[in-house]
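Numbers restart at 1 for each chain; the letters A, B, ... are given by sequence-line order, proteins then strands. As the structure is a computational prediction, the values presented were derived from the model and not from experiment.
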Amino acid sequence: MLINLYSKCGLLDSARKVFDEMRERSLVSWNSMIGAYTRNGAEQQALSLFMNMHRQGNPFSEFTVSSILCACAANRDVVQSKQLQAFVIKVSMEINVFIGTALLGVYAKCGLIRDASQVFESMPEKSDVTWSSMVAGYVQNELYEEALMLFHRAQMMGLEHNQFTISSAICASAGVAALIEGKQVHAVLCKTGFGSNSFVASSLIDMYAKCGTIREAYRVFSSMSEGENVVLWNAMICGFAKHAHSTEVMILFEKMKQLGLQPNEVTYISVLSACSHMGLVEKGKRYFDLMIREHNVLPSVIHYSCMVDILGRAGLIGEAYDLIVRMSFDPNASMWGSLLASCRNHGNLELAEIAAKHLFELEPDNAGNHILLSNIYAANKKWDEVARTRKFLKESEVKKERGKSWIEIKDKVHSFMVGERNHPRIADIYFRLDNLVEEIKKLGYETDIKHDLHDVEHNRKQELLRHHSEKLALTFGLMCLPPVAPIRIMKNLRICGDCHSFMKLASSITEREIIVRDAYRFHHFRNGCCSCGEFW
DNA sequence: ATAGGGTTAG
């Protein structure tokens, strides 16, 4: 059929011309044309053609409805997806596998994951696509644990995994940053032979990088033929950037250009963020220029955000502010946040107040911004302002997110929070941590309270800082892991300066490699030094 | 004949 031939080549206009010139149109002709629009990203045309079809009194089938559901998924419209389900039930099509699968996909894409899972569980017949759609749906909604549970459930039912379920499960492992899960899925993958699939491989690279095992990520990358897939390269470059391996970022970037691969907007995000983490101002400016002039990539708000970060961290705060004002986008919270942090590090009160004013509007519930500004006031000895912030925070509902760290030991994840004593071996952990602190003090370490953002009294502050969650996780790692194993700790917030100094000294005194992933990136501590070179 | 999954991003 000509319509399908044209639509497979992406020639929608030609397909439509054939459709319009047909003297008689069967149900299949209508379905083919609607499907052609849906598959080629022309969802609105698919919908309006369906309206025409319906208005002219033509009958429709399950084929028509599943295409329409797929077209509507792109709209991510909550009300519309509910209406669609009502429609599906009205025309008694809910037991069709294709329709059920498409419907759960629509719900998942709208964020209605409970509805998606209800559709999934109530389907009398499920195909492999139904299973992979549901696993993917959980991943899209950041419910990684549930995605992995469903993946394992499929396996236990004796269903065979395909590249779709596997790549989603790998993404889920990356999402929880749990190496043990990721390795399990990788083992499943090895038995299937989908390892050369680029979707699978790029999520695998990303997973290993996010789990703190950058060498393993590189091994996967090297095992792939040097094809022309930009996403594979982006995943690897991004991994190196997260791990502060900026030399490797630059090398891979040059190598991909040599191979004739065009870096795209994602490549440049990683390259620029590598520059920002390493304090490479001139290089950053050069790449920003190269991106526009040589690779025709229009800088997005994210690229500008990276540049603001590069300039601000280097102390060029005025220049960073000018860039925010000059660009044609509305500045976002992360940009103002980056500027505010730079103002604190380089002591610029005037721009700090401007950045904070915007942040308070954009993120009224983020207590961290208020505390950051208050710290800047304190550094400038503006005690009235400090007291005002303190009072505001006490009276308002805004709370700082609590620090949490976790570590994988064998097949279990152990998590720690300041002030919480839920862990079965907590007394022992505190005892050993206090000993470690005493040892490290002999090397000249002093608890440094200026890094702490808690709004509490000073002596209490010192006590909390002493037991920050990453220190608890480290102590537990030292207690449980074999002497040569690197200690990998994950943390939900940015690591504070005190813990950073602490980790450096701890890596030297214990002769261990310590890897801490904070909210932004990885720090590799070894022999008293950190890979971030104090830029973070 | 015509239908429903998956990758990288501050």
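Checked against dG4(B), dT7(B), dT2(B), the side chain of C171(A) finds its nearest nucleotide in dT7(B). Picking from dT2(B), dT7(B), dG4(B) the nucleotide with the shortest atom distance to the side chain of S203(A) gives dT7(B). Nearest nucleotide to the V28(A) side chain, out of dA3(B), dA1(B), dG10(B): dA1(B). Taking every side-chain heavy atom of T101(A) into account, dG4(B) is the closest of dA9(B), dG4(B), dT7(B).
Neither OP1 nor OP2 of dT7(B) sits under 4.0 Å from any side-chain N or O of K210(A). Phosphate contact (OP1/OP2 of dA3(B), side-chain N/O of R39(A), threshold under 4.0 Å): present. Checking the phosphate oxygens (OP1, OP2) of dA9(B), a side-chain nitrogen or oxygen of K242(A) falls inside 4.0 Å. For the pair Q163(A) and dT7(B), the criterion of a side-chain N or O lying under 4.0 Å from OP1 or OP2 is not met.
The cationic atom of R25(A) (NZ for Lys, CZ for Arg) lies less than 6.0 Å from the six-membered ring centre of F19(A) and within 45° of the ring axis.
Taking 4.0 Å as the cut-off between side-chain N and carboxylate O, K285(A) and E319(A) count as a salt-bridged pair. In summary, D289(A) and R293(A) engage in a salt bridge, as defined by a charged side-chain N under 4.0 Å from a carboxylate O.
Applying the 5.5 angstrom centroid cut-off and the 30 degree plane-angle cut-off, the aromatic ring of F164(A) is not stacked upon the base of dG6(B).
Counting distance only, with no hydrogens placed and no angle test, the side-chain atoms of S334(A) and the base atoms of dG10(B) include a donor-acceptor pair under 3.5 Å. For S127(A) and dG4(B), a side-chain-to-base donor-acceptor distance below 3.5 Å is present, hydrogens and geometry of angles not being considered. You'll find a donor-acceptor pair under 3.5 Å spanning the side chain of S202(A) and the base of dT7(B), going by distance alone.
Judged as a side-chain hydrogen bond (donor to acceptor under 3.5 Å, both in side chains), the pairs with a partner in residues 192-203 of chain A (not counting sequence neighbours) are, in order, S198(A)-N229(A).
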